[in-house]
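Every number for a ligand or one of its atoms is a count from 1 in the order of the listing.
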Amino acid sequence: GIDPNFDDNREKAGEENGLDVWGPVDPPEKLGIHGAHVAVDYDICIADGACLENCPVDVFDWVDTPDHPESERKVEPTREDQCIDCMLCVDICPVDAIDVDAS
Ligand code: SF4
Ligand code: F3S
């Protein structure tokens with residue numbers, strides 16, 4: 001699953017869609033972790049979609065990731081600033097790709 005200490009263990013590689021991206025990044029096969037308060041490991045996400053469908057405040061958007069080995073699309077936590085720390089997405093993701101820093 002996603003490393004909950006990614007912000008200590010990884011370098012910031014840039015920004016995408018207004019969100020921090022944490023490396024290593026080597027597209028299209030390695031896309032890193034996207035977000036800060038709500039973070040999605042793009043290299044683990046298999047596009048299950050339960051997070052996006054069930055988030056009570058609609059934090060996530062789909063983005064296309066053609067040629068990524070795990071899935072052709074990912075969820076971007078575009079509205080992470082709206083997150084109410086309910087932890088539903090963390091609990092529901094079948095591959096543990098999401099970290100929410102509720103502290
Ligand atoms: Fe949405 Fe809850 Fe996940 Fe925050 S913790 S992104 S509110 S599902
Ligand atoms: Fe991806 Fe998990 Fe959501 S696989 S689409 S982060 S439920």
Could you tell me whether [X] approaches ligand 2 through its side chain, its backbone, both or neither, with non-hydrogen atoms closer than 4.0 Å?
X	result
Val75	side chain
Ile98	side chain
Leu52	neither

Exercise for review: Go through ligand 2 atom by atom and flag the ones less than 4.0 Å from a non-hydrogen atom of Cys93.
Suggested key: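 It comes down to these atoms of ligand 2: 2 (Fe), 4 (S), 6 (S), 7 (S).
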
Check your understanding: Looking at Gly49, which atoms of ligand 2 are within less than 4.0 Å of one of its heavy atoms?
Key ->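 Close to Gly49: 5 (S).
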
**Study point:** Residues, nucleotides or ligands: over 12 heavy atoms within 6.0 Å of Glu15 CD
**Key:**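 Result for CD/Glu15: enclosed.
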
Review point. Are Val100 and Cys89 close enough, and set up right, to give a side-chain contact (heavy atoms from CB on, under 4.5 Å), and what steps lead you there?
Key: CA-CA 9 Å; Val100 173; Cys89 59; 3.9 Å; yes

Review point. Looking at Val57, which atoms of ligand 1 are within less than 4.0 Å of one of its heavy atoms?
Key: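 Heavy-atom distances to Val57 below 4.0 Å select 7 (S).
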
**Study point:** Proximal atoms of ligand 1 relative to Phe60 (non-hydrogen, under 4.0 Å)
**Key:**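 Counting atoms of ligand 1 from 1, those under 4.0 Å from Phe60 are 6 (S).
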
Review point. Just heavy atoms, cut-off under 4.0 Å: does Ile84 contact ligand 1 by side chain, backbone, both, or neither?
Key: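 For Ile84, the contact with ligand 1 is made by both the backbone and the side chain.
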
Practice item. Show your working on salt bridge (Lys or Arg N to Asp or Glu O under 4.0 Å) between Arg79 and Asp61 and close with a plain yes or no. Key: CA-CA 9 Å; Arg79 289 168 294 282; Asp61 288 320; 3.0 Å; yes

Review point. What are the protein N, O or S atoms, given as residue plus atom name, that sit under 2.8 Å from atom 3 (Fe) of ligand 1?
Key: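 Short answer, with waters excluded from the count: Cys89 SG.
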
Exercise for review: Take every heavy atom of Val95, measure it against each atom of ligand 2, and state whether any distance is under 4.0 Å.
Suggested key: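 Under 4.0 Å: yes for Val95.
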
Check your understanding: Within the distance-only criterion (no hydrogens, no angle test), does the side chain of Asp3 pair as donor or acceptor with the backbone N or O of Asn5 below 3.5 angstrom?
Key ->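 The answer is yes, because a donor-acceptor pair under 3.5 Å joins these two groups.
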
Practice item. Determine yes or no for a side-chain-to-main-chain donor-acceptor pair under 3.5 angstrom, with Trp22 supplying the side chain and Ala36 the backbone. Key: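 Absent.
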
Review point. Between Val63, Val75, Val21, Ile2, which is the residue that forms a side-chain contact (heavy atoms from CB on, under 4.5 Å) with Tyr42?
Key: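 With Tyr42 as partner, Val63, Val75, Val21, Ile2 yield a single side-chain contact (heavy atoms from CB on, under 4.5 Å), made by Val63.
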
Exercise for review: Please check if any side-chain donor atom of Asn17 sits under 3.5 Å from a side-chain acceptor atom of His34, or the reverse.
Suggested key: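 No, because no side-chain N or O of Asn17 sits under 3.5 Å from a partner of the opposite role on His34.
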
Practice item. Would you mind checking if Asp43 and Lys74 are paired as a salt bridge, meaning a charged N to carboxylate O distance below 4.0 Å? Key: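 No, this pair does not count.
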
**Study point:** Nearest non-hydrogen protein atom, atom 4 (S) of ligand 2
**Key:**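 The answer is Ile46 N, 3.3 Å.
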
Check your understanding: Where the closest heavy atom to atom 7 (S) of ligand 2 is concerned, which of Cys45, Ser71, Cys51, Ala47 has it?
Key ->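 Of the listed residues, Cys51 has the closest heavy atom.
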
Exercise for review: Sort out for me which residue in Asp99, Asp101, Asp85 forms a side-chain hydrogen bond (donor to acceptor under 3.5 Å, both in side chains) with His37.
Suggested key: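 Going through Asp99, Asp101, Asp85 one by one, the side-chain hydrogen bond (donor to acceptor under 3.5 Å, both in side chains) with His37 is satisfied by Asp85 alone.
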
Check your understanding: Do you know which two heavy atoms are closest between Pro28 and Pro66, and how far apart they sit?
Key ->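 Heavy atoms only, the tightest pair is CB-O, 3.5 Å.
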
Exercise for review: Measure from NZ or CZ of Arg73 to the centre of the six-membered ring of Trp62, then state whether that distance is under 6.0 Å and the direction lies within 45° of the axis.
Suggested key: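 Yes, cation above the ring, under 6.0 Å and within 45°.
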
